[in-house]
Amino acid sequence: MDVVVHPPAASTTTTSIRVFHDIPSLRSYCRQLLQANESVALVPTMGALHAGHLSLVRQAAQDNRHVFVSIYVNPTQFGPNEDLASYPRTWEADLQALRDLDVELAGRNHDAGGSSGRISGIFAPATKTMYPTLPPASSDLTAQGSFVTITPLSSLLEGASRPGFFRGVTTVCMKLFHIMTPDRVYFGQKDVQQTIVVKRMVRDFCMDIDVRVGSTVRDPDGLALSSRNVYLGERRRKVAGVLYAALRCAEGQFLRAGKRQRNDILDPALELLSSTAQAQARAEPHLRARFELDYLSLADPDTLEELDVVDDEKGAVLSAAIKMLPVEAPPDTNNNPDEENRGSGGGTTTVRLLDNIILLPPGSSERK
Ligand code: AMP
């Protein structure tokens with residue numbers, strides 16, 4: 001069933017984003033556009049949209065006439081003990097954010113003489129639609145079924161911590177790409193391994209799709225925006241900035257100190273992470289936010305293999321993940337003002353944060 005989203009009453013510019021829940025109507029709409037030589041872009045998301053998602057949509061609208069945003073919380077990329085059930089779902093707010101952005105794009109279109117694209121559709125399928133013969137609850141690695149697996153890239157880094165995660169991502173992306181056959185797809189630099197795995201899938205399966213990457217959007221203190229940041233709460237949020245700070249510290253070793261050896265680049269970052277973790281461990285339990293380092297990686301930009309030395313011709317991907325542990329309660333929770341700031345879920349869950357910085361080859365301004 002399609003629904004036309006009407007503009008907010010006060011708006012002077014119209015938006016007519018079509019919402020698709022089923023494949024045939026979306027497929028035939030995309031096909032019509034492509035046959036009319038209109039460029040089609042896809043921005044895959046799991047909803048709970050924030051400024052990072054919206055920047056990808058803006059970028060897609062700069063390069064294409066029609067932008068489609070998929071909003072689907074894909075069960076096969078969640079591990080059995082992950083947050084599939086509690087993952088933030090904010091459909092009304094997402095719809096409003098995309099309507100507002102479309103109105104902004106229309107204004108830009110007017111100013112730029114019609115060169116900017118618009119948001120033409122949102123695809124919000126049910127799981128039965130995306131997995132017609134297999135309704136998986138989550139990523140059970142032993143499950144039989146039709147999956148897309150890209151190895152060894154998918155087994156490294158995030159894949160080592162979250163087995164099955166990339167199998168879920170590439171499987172759902174393959175489905176979305178088949179349904180819409182977009183000219184271009186947009187992914188965030190924030191999930192650098194995802195961009196590399198999806199590019200590899202498109203290449204290895206000879207797909208005629210251009211995979212483009214948008215810069216990471218951050219909060220003022222450097223924390224990368226993520227739909228999961230709502231779980232953090234103020235206490236953990238203050239400490240979470242250490243992730244980006246550590247990456248910047250390592251980047252400084254490469255850029256400013258001219259270091260190329262693994263230990264020279266990573267050791268100062270490890271020291272910062274370790275001293276921050278120790279300071280938290282020493283603090284009062286009801287005030288502290290403890291975290292554990294999952295990985296700190298210096299890897300080849302194409303294979304994601306760990307590097308001992310950075311090759312100036314290729315540069316490297318510097319990435320890390322930390323686990324913010326559940327917040328600890330004070331003896332008397334009734335009298336603690338901090339309780340309000342434990343985040344969505346009451347601060348009881350571990351929140352995994354990841355981030356990265358690309359170390360570009362000296363002299364180059366951008367990696368493809
Ligand atoms: P998600 O909804 O988390 O699956 O993310 C959908 C897309 O948005 C992915 O390509 C992410 O890499 C991208 N994304 C998420 N957070 C950010 C961010 N802070 N800046 C830029 N892109 C992001």
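Bear in mind that the values here come from a model prediction, so they are computed numbers and not experimental data.
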Name of the residue among I179, T171, T76 meeting side chain to side chain contact (heavy atoms under 4.5 Å, CB included) with M130: I179
Taking every non-hydrogen atom, the tightest pair across S161 and D294: OG-OD2, 3.0 Å
Indicate, with yes or no, if I150 and V172 share a hydrophobic cluster defined by side-chain heavy-atom contacts under 4.5 Å among Ile, Leu, Val, Met, Phe, Trp and Tyr. yes
Can you check whether I71 reaches M46 side chain to side chain, under 4.5 Å on heavy atoms? no
Scan side-chain atoms only and decide if E158 and Y295 contain a donor-acceptor pair under the 3.5 Å cut-off. yes
Rounded to the nearest 0.5 Å, what's the gap from CD on Q261 to CG on D308? Could you check? 8.0 Å
Knowing that exactly one of V40, V43, N64, V67 qualifies, which makes a side chain to side chain contact (heavy atoms under 4.5 Å, CB included) with R184? N64
Please determine which of K190, Q189, R218 meets the side-chain hydrogen bond (donor to acceptor under 3.5 Å, both in side chains) test together with D355. R218
State, to 0.1 Å, how close D94 and A48 come at their nearest heavy-atom pair, and which atoms those are. OD2-N, 3.0 Å
Are V317 and D300 packed together at the side-chain level, in the sense that at least one heavy-atom pair is separated by less than 4.5 angstrom? no
Does any part of the side chain of H286, heavy atoms only, come nearer than 4.5 Å to the side chain of E328, both counted from C-beta? no
Test of understanding: clusters of I, L, V, M, F, W, Y form through side-chain heavy atoms closer than 4.5 Å, transitively. Do V19 and V57 belong to the same one? yes
Report yes if the side chains of V211 and T195 come closer than 4.5 Å at any heavy-atom pair, otherwise no. no
Residue pair N74 / Y87, side-chain donor-acceptor N/O under 3.5 Å: no
Tell me yes or no: between the side chains of Y186 and D63, is some donor less than 3.5 Å from an acceptor? yes
Does the pair I196 and L153 meet the rule for a side-chain contact (heavy atoms from CB on, under 4.5 Å), with working shown? CA-CA 8 Å; I196 294 168; L153 279 176; 3.9 Å; yes
Would you find more than 12 non-hydrogen atoms of other residues, nucleotides or ligands less than 6.0 Å from R65 atom CZ? no
Without swapping roles, check the side chain of S154 against the backbone of T151 for a donor-acceptor pair under 3.5 Å. no
Name all residues meeting the side-chain hydrogen bond (donor to acceptor under 3.5 Å, both in side chains) criterion together with T350; count only those two or more places apart in sequence or in a different chain, and write none if there are none. none
E306 side chain vs L298 backbone, donor-acceptor pair below 3.5 Å: yes
Regarding D102 and T15, do their side chains bring together a donor and an acceptor under 3.5 Å, going by distance alone? yes
Between S70 and L176, which heavy-atom pair has the shortest distance, and what is it? OG-CD1, 3.7 Å
Pair R89, V73 - check side-chain contact (heavy atoms from CB on, under 4.5 Å), show working. CA-CA 8 Å; R89 288 165 171 86; V73 181; 3.5 Å; yes
Could you report the tightest heavy-atom contact between G117 and L105, atom names first, then the distance? O-CB, 3.7 Å
Do the side chains of H21 and T129 get nearer than 4.5 Å, heavy atoms only? no
Are the side chain of Q193 and the backbone N or O of L156 linked by a donor-acceptor pair below 3.5 Å? yes
Mark yes when over 12 heavy atoms from residues, nucleotides or ligands other than D208 sit less than 6.0 Å from its CG; otherwise mark no. no
Do the side-chain N and O atoms of T45 and Y72 include a donor-acceptor pair separated by under 3.5 angstrom? no
N/O donor-acceptor pair under 3.5 Å between T181 side chain and H178 backbone: no
Distance in Å, F166 CZ paired with C173 SG, rounded so as to fall on 0.5 Å steps: 10.5 Å
Can Q96 and D100 be counted as having a side-chain donor-acceptor contact under 3.5 angstrom? yes
Output for pair (N356 CG, S297 OG), nearest 0.5 Å, gives 10.0 Å
Using modelled atom types only, decide if a donor and an acceptor are shared between the side chain of Q280 and the backbone of A289 within a distance under 3.5 Å. yes
Salt bridge (Lys or Arg N to Asp or Glu O under 4.0 Å) evaluation trace for E251 with R256: CA-CA 8 Å; E251 180 194 40; R256 287 183 291 282; 5.5 Å; no
List for me each residue that meets salt bridge (Lys or Arg N to Asp or Glu O under 4.0 Å) alongside R108, sequence neighbours excluded, and say none if there are none. E104
Report yes or no: do S116 and Q62 form a side-chain donor-acceptor pair below 3.5 Å? no
Could you walk me through whether M207 and M174 pass the side-chain contact (heavy atoms from CB on, under 4.5 Å) check? CA-CA 10 Å; M207 303 173 83; M174 182 64 94; 3.4 Å; yes
Would you please say whether a donor-acceptor pair under 3.5 Å links the side chains of N229 and R237? no
Take L98 and L54, measure what side-chain contact (heavy atoms from CB on, under 4.5 Å) needs, and give me the verdict at the end. CA-CA 8 Å; L98 292 173; L54 299 182; 4.0 Å; yes
Less than 4.5 Å apart, side chain to side chain, heavy atoms only: is that true for F187 and V198? yes
Cluster link Y244 to L354, ILVMFWY, side chain under 4.5 Å: no
Charged N to carboxylate O under 4.0 angstrom, R200 versus D302? no
Checking the side chain of Q59 only, and the main-chain atoms of L56 only, is there a donor and an acceptor separated by less than 3.5 Å? no
So does D221 get a backbone contact from the side chain of D219, meaning a donor-acceptor N/O pair under 3.5 Å? no
Kindly say whether E313 contributes a backbone atom to a donor-acceptor pair with the side chain of D311 at under 3.5 angstrom? yes
Heavy-atom closest pair, residues L49 and H53: CA-ND1, 3.2 Å
Establish, yes or no, whether the cationic atom of R236 lies under 6.0 Å from the six-membered ring centre of F291 and within 45° of the ring axis. no
Between CD on residue Q32 and CG on residue L34, distance to nearest 0.5 Å: 10.5 Å
Side chain of T170, backbone of V148: donor and acceptor closer than 3.5 Å? yes
Applying salt bridge (Lys or Arg N to Asp or Glu O under 4.0 Å), can you list everything that pairs with R31, at least two apart in sequence or on another chain? none
In terms of hydrophobic clusters joined by side-chain contacts under 4.5 Å, are I23 and V185 together? yes
Answer whether the closest heavy-atom distance between the side chains of R167 and F147 falls below 4.5 Å. yes
Is it the case that D183 and S39 place a side-chain donor and acceptor less than 3.5 Å from each other? no
Over all heavy atoms of both residues, which pair between P361 and G315 is shortest? Give the atoms and the distance, please. CG-N, 3.8 Å
Could you verify whether a donor N or O on one side chain and an acceptor N or O on the other, from S146 and Y131, lie under 3.5 Å apart? no
Any side-chain heavy atom of F68 within less than 4.5 Å of one from L33? yes
If you apply the rule salt bridge (Lys or Arg N to Asp or Glu O under 4.0 Å), what do you find for R262 with D264, and how did you get there? CA-CA 6 Å; R262 178 181 187 85; D264 292 339; over 6 Å; no
